[in-house]
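The structure appears right after this line, and notes come after that.
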Protein chains: 2
Amino acid sequence: MVRVGLTTERLTQAGADLADEVGFEHVTVSALARRFDVKVASLYSHLKSSQDLKTKIALLALEELADRAADALAGRSGKDALTAFANVYRDYAREHPGRYAAARLKLDPETAAASAGVRHAQMTRAILRGYDLTEPDQTHAVRMLGSVFHGYVSLELAGGFSHTAVDSQDSWAWILDSLDALLRNGTTL
Amino acid sequence: MVRVGLTTERLTQAGADLADEVGFEHVTVSALARRFDVKVASLYSHLKSSQDLKTKIALLALEELADRAADALAGRSGKDALTAFANVYRDYAREHPGRYAAARLKLDPETAAASAGVRHAQMTRAILRGYDLTEPDQTHAVRMLGSVFHGYVSLELAGGFSHTAVDSQDSWAWILDSLDALLRNGTTL
DNA sequence: CAGTTTGCCTAAAAGAATTAGGCAAATACA
DNA sequence: TGTATTTGCCTAATTCTTTTAGGCAAACTG
């Protein structure tokens, strides 16, 4: 009976990889056990439940995403920062569709408050400091940016933009131009 | 052995109701059978599989949403149309969170092409006719509107906007104002 | 009212989640 | 180094969900 060396971290990582391969909705404790070639019950020393596994994958994805975003924002401001930030989301979702789906999991309020989700909000506000917005407009703008980024990425991932001849990359650039213009003009449009 | 009168339509309807009550991800053939007080196997005369049920709920939701949107658009144009259309999405998602989640299910291309999803795209284009956009800008704008509506609604539903003092309704209005202004100004921002 | 269709059933297999309790490997400690 | 303790992974069992096969009776067809 050789010990494989399971830990919560390794399980979470492998679960995230599994999500990218088969889709987050198909991540299961059984499949994860198979991947480590151990019995299912063995995972329950490290994970409370199937839901717990999903939550841990979500938190991992949020961390990774926040780390990448922080990297991308370093030394940038204005439209440059906006674009870099937006591309982090889009690129991450394309590279890691399962992890991205996990990041969209609805977390209970305490878990969400302790997650990297708060860093995301902070970074969005940091970007908006490059534009001239005061409250409550800044909050409105935070929400708008979050909506556009998440909405675009998730529609694109679902294949929603593959029917038309127009290239998705062009639409993305156009949208970022538009958002930048919008924010520069403040509320006086 | 009294016959309950199961039909695919009744099952789909009840499945949609169930989704609104317990969440689309918790919709199961077993739960649906329980609701009709019949044995699980009985549903398989009307449904091919669990996936089939989910797809049918998704198609139902897309139809309902398109019907509401068509109603809302009748006799409106410009910002009035834009606002009415956007509110249909948001209101539907708030009234029927399970159905809305179902409508976001990834459908295989043929199913999607035969679904009410195409009406949604057509209506979005109809709204944009009230603004002065030519291709490919119109396509970019279609994608942007879709992203914002879907993104906002899904973030709001996930509770993402409940942490701040700023009212979600105000942000929504601000965003619609911004989009209208953006589209009115064309690409010359 | 006989014949056919068909709706809901029982039965059964297989995958997935979860808990309880056990044995052996790793670690601690004398 | 040998013993004691912890702990990692196991077997076993329960429950729930999905899905298929085959049967009987109710509802239409004539």
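Per chain, numbering begins at 1; letters A, B, ... match sequence-line order.
The distance between atom CG of A:L32 and atom P of C:dA17, rounded to the nearest whole Å, is 10 Å. Separating the CZ atom of B:R3 from the P atom of D:dC24 is a distance of 15 Å, rounded to the nearest angstrom. For the pair B:F36 CZ and C:dG7 P, the interatomic distance rounds to 14 Å; values are reported in whole Å. Rounded to whole Å, the distance from CG on B:L47 to C1' on D:dT17 is 14 Å. Atom CG in B:D37 sits roughly 15 Å away from atom C1' in C:dG7 (whole-Å rounding). One interatomic measurement links the two molecules: CD of B:Q51 to P of D:dT17, which rounds to 17 Å at whole-angstrom precision. For the pair B:L6 CG and D:dA26 P, the interatomic distance rounds to 17 Å; values are reported in whole Å. For the pair B:K39 NZ and C:dA12 C1', the interatomic distance rounds to 14 Å; values are reported in whole Å.
Applying the 4.0 Å criterion to OP1 and OP2 of C:dA17, one finds that A:T28 has a side-chain N or O inside that range. When the side-chain nitrogen and oxygen atoms of B:S30 are compared with OP1 and OP2 of D:dC16, none of them lie within a distance under 4.0 Å. Applying the 4.0 Å criterion to OP1 and OP2 of C:dC9, one finds that B:S42 has a side-chain N or O inside that range. Contact between the side-chain N/O atoms of B:R34 and the OP1/OP2 oxygens of D:dT17 is found at a separation under 4.0 Å. The side chain of A:S45 places no N or O atom within less than 4.0 Å of a non-bridging phosphate oxygen (OP1 or OP2) of D:dC9. Remark: A:H46 is in phosphate contact with D:dC9, judged by side-chain N or O atoms under 4.0 Å from OP1 or OP2.
Residues A:D177 and A:K79 are paired through a salt bridge, judged by an N-O separation under 4.0 Å between the basic side chain and the carboxylate. Ion pairing between B:D17 and B:R35 fails under the 4.0 Å rule for side-chain N and carboxylate O.
Closest to the side chain of A:V4, out of C:dC8, D:dT18, D:dC9, is D:dC9. With C:dA25, C:dC8, C:dA17 as the choices, the nucleotide that has an atom nearest any side-chain atom of B:V38 turns out to be C:dC8. Of the candidates C:dT18, C:dT10, C:dA24, C:dT18 carries the atom nearest the A:Y44 side chain, counting heavy atoms from C-beta on.
At a threshold of 4.0 angstrom between heavy atoms, the contacts of A:V40 include nucleobase atoms, whether or not backbone atoms are also involved. Among the atoms of the strands shown, base atoms are found under 4.0 Å from some heavy atom of B:A41.
For an aromatic pair to be called close, the ring centres must be under 6.0 Å apart, and B:Y152 with B:F161 satisfies this. For A:H96 and A:Y100, the gap between ring centers reaches or exceeds 6.0 Å.
If A:V29 and B:G5 are placed on DNA chain C by their nearest nucleotide, the residue sitting closer to the 5' end is B:G5.
Looking only at atom types and distance, the side chain of A:H46 has no donor-acceptor partner in the side chain of A:T7 under 3.5 Å away.
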